[in-house]
Amino acid sequence: MREGASASHEAPVRVPVHLGVIMDGNGRWATSRNLPRFEGHRRGMEAVRRCVRAARELGIRYVTLYSFSSENWSRPAQEVSELMGLLKRFVRHDLAELHASDVRVRIIGERASLPRDIASLLEEAENLTRANTGLTLVVAFNYGSRQEIASAAQRLAIEVAAGRLSPQDITVERLNASLDTADIPDPDLIVRTSGEQRLSNFLLWQAAYAEFVFLPIYWPEFDHAALLGALEEFARRERRFGGISARSGSARP
Ligand code: FPP
């Protein structure tokens, strides 16, 4: 899939087809204001709404939000339960509007170990919006990229052991097709807020050729202008996918 021109006149000429977002800094936003961490997550939820709205307006086709990582279970039980509560609230309050806006909701991550009510809400969101063709909102929940790759490898190993595949059949394409993101194009751009510059087990395989933009704001501060700034930076980058520059023959940076 190619990057496209935006539907909106205010967008940079080149917008990513798929934007990945590492929503970082809710806790720091809250503690720097003497507020409980939960308030940061609650305001982070509002930033999620702004992000989805802005992405739709700018003509982005896929947005993947890193909402809860496999490693987030190590947080205090109260914070884990608050994050679960926020997800439930998000589905209950926002699903109808997302559906009316033609947004398709997809979930990636490990589901078997999730509380039953959460798992069935996620399923409900996917089922209701399955036929929508506008923005695809991919919620990475209980997601870890290494775990995703290991599970895909296990499934392929089972096929080999059963004699349905040979080891030579395990190609880049087949492994790609065994991931949670099988029919989702690779992210073109990954944005992380809070100034931290790392991937933290997010879309490791899929981000092989992604551009990265690290924003010096906390996630609750994210808005349309912040997204536009990241897209402008993205539009200035030259993506070579391992090839050589179309602009110049210079070997110097
Ligand atoms: C990172 O901030 C954020 C999270 C671990 C959770 C993100 C969740 C939301 C924004 C709300 C739920 C969203 C959906 C789509 C249901 P942090 O707590 O790691 O911040 P810190 O690094 O400053 O402590």
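No path of Ile, Leu, Val, Met, Phe, Trp and Tyr side chains, each step under 4.5 Å between heavy atoms, connects M23 with Y218, placing them in separate hydrophobic clusters. Residues F202 and I149 do not share a hydrophobic cluster, clusters being chains of Ile/Leu/Val/Met/Phe/Trp/Tyr side chains in contact below 4.5 Å. Under the 4.5 Å side-chain heavy-atom criterion for grouping Ile, Leu, Val, Met, Phe, Trp and Tyr, L35 is not connected to L86 through any hydrophobic cluster. L179 and V17 are members of different hydrophobic clusters when ILVMFWY side chains are connected at heavy-atom separations under 4.5 Å.
Heavy atoms of other residues, nucleotides or ligands lying less than 6.0 angstrom from CZ of R155 number more than 12. Counting non-hydrogen atoms of other residues, nucleotides and ligands closer than 6.0 Å to CZ of R164 gives a total above 12. In this structure, E46 places its CD atom where more than 12 heavy-atom neighbours from other residues, nucleotides or ligands lie under 6.0 Å away. The environment of E196 atom CD is dense: over 12 non-hydrogen atoms of other residues, nucleotides or ligands sit within 6.0 angstrom.
The CZ atom of F141 lies 12.5 Å from the CD1 atom of I108; values are rounded to the nearest 0.5 Å.
Annotation: cation-pi pair R192/F212 absent, no NZ/CZ under 6.0 Å from the ring centroid and within 45° of its normal.
A donor-acceptor pair is defined here as one N or O able to donate and one able to accept, closer than 3.5 Å; no such pair exists between the side chain of T181 and the backbone of I184. A side-chain donor-acceptor contact under 3.5 Å links T129 to the backbone of V105. Judged by distance alone, the side chain of N26 and the main-chain N or O of G44 form no donor-acceptor pair under 3.5 Å. Listed for the Y143 side chain is no donor-acceptor partner under 3.5 Å among the backbone atoms of N201. Distance alone, capped at 3.5 Å, is enough to place a donor-acceptor pair between the D223 side chain and the A225 backbone.
Using a 4.0 Å cut-off between charged side-chain N and carboxylate O, E126 and R111 make a salt bridge. Taking 4.0 Å as the cut-off between side-chain N and carboxylate O, R53 and E57 do not count as a salt-bridged pair. Salt bridge R33/E221: present, at least one basic N to carboxylate O contact under 4.0 Å. At a threshold of 4.0 Å, the pair D183-R106 counts as salt-bridged, since one of the basic side-chain nitrogens sits closer than that to a carboxylate oxygen.
Residues satisfying the side chain to side chain contact (heavy atoms under 4.5 Å, CB included) criterion with S70, sequence neighbours excluded, are N142, Q147.
Of the candidates V191, D24, L227, V191 is the only one forming a side-chain contact (heavy atoms from CB on, under 4.5 Å) with L215.
Ring orientation note: the planes of W73 and F68 are nearly perpendicular, at an angle over 60° on the 30°/60° scale.
For the 3.5 Å distance criterion, the side chains of H41 and E79 qualify, holding a donor opposite an acceptor. For the 3.5 Å distance criterion, the side chains of R104 and T133 fail to qualify, holding no donor opposite an acceptor.
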